[in-house]
Protein chains: 2
Amino acid sequence: MKSITLLLVGVAILAGIVAFTAPASLHADDSTAPIFVTKIPPGYRDWKLVSVAHEEGNLHSIGAVLGNDVAIKAYRDGKLPFPDGTIIAALHYSHVPSAENNKVFGQAQSFVAGSATNIQFMVKDSTKYAATGGWGFATFVDGKPAAAASMKSCFPCHNQAKATDLVFTRYAP
Amino acid sequence: MKSITLLLVGVAILAGIVAFTAPASLHADDSTAPIFVTKIPPGYRDWKLVSVAHEEGNLHSIGAVLGNDVAIKAYRDGKLPFPDGTIIAALHYSHVPSAENNKVFGQAQSFVAGSATNIQFMVKDSTKYAATGGWGFATFVDGKPAAAASMKSCFPCHNQAKATDLVFTRYAP
């Protein structure tokens, strides 16, 4: 009776390990697995500033990178990797000249945020997103998640920033 | 005796009115009056995002504009003029190319925040700063207030944005 109980416990433990590791293995092998974030994290517009950025080329955007409290604490403490619960938001806008500002400056030099182009998120959950470096990626355009096909490049691109836990943006003073 | 008391009260009231209005009159007539903010508002780095901006020309900067809770509420409510207690912060950084990002993108397109160039504040106090449209202006470089002479252009420049209560930056969605 005692040995049967131990056997059952052993099976249960093994089953638990298999259940725990299976999703990661599936994700690693199956590029169609749903590893993307499809819901906008609430309250992101109130988060604190990480930094700003300007992209030319096809993007032609100006953006602000914000972080939730977990993200900001990790940034300020200089701790890597980012802990589970970290969410980083990139708010992108079209990079447009400001006629009003240029008039005051007396020359064309001022660019401001035009309409929103997209909002992107990186959500750290080392279990749920184990197959993509612990990060779930998201892009929202007009509040709707971008097509899954367009999201396949997120991880391979961010994976080139391994030294900073797949995050490109540095904290601005 | 009664008339002497009344006279004294009258003089006191008059003195009060003179004392109250004198600073504003002095400011309007005397460009050397200390109308500038010389202390960094505490906690500004934790404030919420208003928008982002990029200046070329001599400035060559990328910046984030943040607002304290009074400022953010006024922006979101679309209320003008901004109420007393509003503080708007502009965090400016050098606009520098990111070699790391450009390598990943495969082309030179990415600009990020370099070192901090200055931090500017606009503080709304319609009494204290009555002579400059109700706004006190501040510029800090490396934590120290900029020379008063360099601050004389703040008000005449911002005063060209009368329709938006002297504030250039619009709230980004």
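In what follows, chains carry the letters A, B, and so on, assigned in the order in which the sequence lines appear, proteins first and then strands, with residues in each chain numbered from 1. Heavy atoms only: backbone and side chains are in, while hydrogens, waters and symmetry mates are out.
- Within residues 90-105 of chain B, the residues approaching chain A closer than 4.5 Å by heavy atoms are, in numerical order, B/Leu91, B/Tyr93, B/His95, B/Glu100, B/Asn101, B/Val104, B/Phe105.
- In this structure, the portion of B/Leu66 lying under 4.5 Å from any heavy atom of chain A is its side chain and not its backbone.
- Under the 4.5 Å side-chain heavy-atom criterion for grouping Ile, Leu, Val, Met, Phe, Trp and Tyr, B/Phe36 is connected to B/Trp135 within one hydrophobic cluster.
- More than 12 heavy-atom neighbours from other residues, nucleotides or ligands sit within 6.0 angstrom of CG on A/Asp77.
- Heavy atoms from other residues, nucleotides or ligands lying under 6.0 Å from CG of A/Asp46 number more than 12.
- Taking 4.5 Å as the heavy-atom cut-off, the residues of residues 49-64 of chain B that approach chain A are B/Leu49, B/Val50, B/Ser51, B/Val52, B/Ala53, B/His54, B/Glu55, B/Glu56, B/Gly57, B/Leu59, B/Ile62, B/Gly63, B/Ala64, ordered by number.
- A/Val141 and A/Phe137 sit in two unconnected hydrophobic clusters of ILVMFWY residues. Membership requires side-chain heavy atoms under 4.5 Å apart, directly or through other members.
- Taken together through direct or relayed side-chain contacts under 4.5 Å among Ile, Leu, Val, Met, Phe, Trp and Tyr, A/Met122 and A/Met151 form part of one hydrophobic cluster.
- Counted within 6.0 Å of CG on A/Asn159, heavy atoms from surrounding residues, nucleotides or ligands total more than 12; the atom is thus considered enclosed.
- Under a hydrophobic-cluster definition in which Ile, Leu, Val, Met, Phe, Trp and Tyr are linked whenever side-chain heavy atoms come within less than 4.5 Å, directly or via other members, A/Val65 and A/Ile72 are assigned to the same cluster.
- Hydrophobic clustering of Ile, Leu, Val, Met, Phe, Trp and Tyr side chains at less than 4.5 Å, counting indirect connections, unites B/Phe140 with B/Tyr44.
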